[in-house]
Structure formats: C-alpha cells, structure tokens
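For reference, the structure discussed in these notes is given below.
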Amino acid sequence: PLNKRGKRDAPRMGALLKQADAVPDIIVSSAAKRARKTAEKVKQTSGCESDIVLESELYSAGPQAMIDIIRLLPVDADSAMLVAHNPGMEYMVGGLTGDVQAMPTAAIAEIVLPDINQWSDVDAKVQGRLVNVWRPKEVFS
C-alpha cells in the first residue's frame, strides 16, 4: 500500500497537474497496488475524467514495453499519463527526450511528442521535448 509520503504526495501532484493545465485525457497505470492507488489519488485531485486503465505489463516494464503500451493508446486521447516503476520510467523519459532525469516516487515528467500524428507513431526514434519535471520534494518543500 501507499506509505505516508505517497498518501500525501499523490493528491498534491494531481492538484498540481490541474493548476498547470496538464490534466491527462487518460491514465494508464501499473496494476501494482501502490501504482494503482497513486493513479486513483492523482485522478481524483486532477479532475481527469477517464477511467484508469490498468496494465500489469507496466510492473517490470523497460522503455520499449512502455512505448508499446503508449502505441496502443486510444486515438481520441490527446494526452496520457503512465504510472509505472523505476528504473523503466527513468529510462523511458531519457530515451524519449535525451534528457536523463531522476524520477522519484510521485514525480511527473511532462513530455511533448511533436512529430507524431497518433499514438501508434511513437517508437524509440521519436524525439520528444521535456517540458517539466515535478518532484514532490522540490515542489512542496
């Protein structure tokens, strides 16, 4: 289950997304209990209106497995959030942006993928732009 810090930080990060006008159209989460609970708290406080999609493959996913999940996102979703685990998340952020970032628990990386028309266009060659990285300790200290 979420620890005390996770119970505190996840809703605050959801509220931050709402304030930054960065609410995702869809949230895809690892089926692991902590990830699922994090996704639920972010959804509640961000105002995301879609159901959370659970993907058990995200539990131990590397960057390519995460990209494979992204490629299957619905075409009507303009933005998406993955709630997953390290080290895969850090590798994926670095691979998509060329910018290596520490992604501690409840951190959010906002990435723009300018050269795609639909999610199925995402592959390891797509170069995204890292717009923001929000880490709870930095944002709320």
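Screening residues 123-137 for side chain to side chain donor-acceptor pair (under 3.5 Å), with sequence neighbours left out, gives Q101-R135, E110-N132, R135-E138.
Here the closest heavy-atom approach between residue Y59 and residue A32 is recorded as CD1-CB, 3.6 Å. Among all heavy-atom pairs drawn from A65 and A61, the shortest one is CB-CB, 3.8 Å. The two residues P136 and D9 make their nearest non-hydrogen contact at CB-OD2, 3.4 Å. Across all non-hydrogen atoms, the minimal contact from I27 to P24 is CG1-CG, 3.9 Å. Scanning all heavy atoms of the two residues, the minimum distance from V23 to G47 falls at CG1-C, 4.1 Å. Scanning both residues, G128 and L113, for their nearest heavy atoms gives CA-CD2, 3.8 Å.
Hydrophobic clustering places V28 together with I116 (ILVMFWY residues linked when any side-chain heavy atoms are closer than 4.5 Å, directly or through intermediates). F140 and I108 fall within the same hydrophobic cluster, where Ile, Leu, Val, Met, Phe, Trp and Tyr residues are linked whenever their side-chain heavy atoms come under 4.5 Å apart, directly or through other members. Under the 4.5 Å side-chain heavy-atom criterion for Ile, Leu, Val, Met, Phe, Trp and Tyr, V126 and I70 are members of the same hydrophobic cluster. V122 and L72 sit in two unconnected hydrophobic clusters of ILVMFWY residues. Membership requires side-chain heavy atoms under 4.5 Å apart, directly or through other members. If you chain together hydrophobic residues whose side chains sit under 4.5 Å apart, I67 and L73 fall into the same group.
Using a 4.5 Å heavy-atom cutoff, the side chains of V83 and V42 are not in contact. The shortest side-chain heavy-atom distance between M92 and L82 falls under the 4.5 Å cut-off. Contact check for E90 versus V100: no side-chain heavy atoms found under the 4.5 Å cut-off. Using a 4.5 Å heavy-atom threshold, the side chains of I111 and V93 count as touching. Residues K37 and E40 have side chains in contact (heavy-atom distance under 4.5 Å, counting atoms from C-beta outward). Side-chain contact check for L54 versus R36: some heavy-atom pair is nearer than 4.5 Å.
The line from CG of L96 to CG of L130 is 10.0 Å long, rounded to the nearest 0.5 Å. Atom CZ in R34 sits 7.0 Å away from atom OG1 in T105 (nearest 0.5 Å). Between the OG atom in S29 and the NZ atom in K43 there is a gap of 12.5 Å [rounded to 0.5 Å]. Rounding to the nearest 0.5 Å gives a distance of 11.0 Å between OG1 of T38 and NZ of K7. In this structure, the separation between CE on M81 and CD1 on I52 is 10.0 Å, given to the nearest 0.5 Å. One finds the CZ atom of R71 at 8.5 Å from the CD atom of Q64 (value rounded to the nearest 0.5 Å).
Formation of a donor-acceptor pair under 3.5 Å by the K41 side chain with backbone atoms of M13 is not found in this model. The closest donor-acceptor contact from the side chain of D78 to the backbone of D25 lies at 3.5 Å or more, if one exists at all. Side chain of K33 to main chain of P1: no donor-acceptor pair is present (N/O by atom type, distance under 3.5 Å, no hydrogens or angles).
For the side-chain hydrogen bond (donor to acceptor under 3.5 Å, both in side chains) test, residues two or more places apart in sequence or in another chain that qualify with Q118 are S120.
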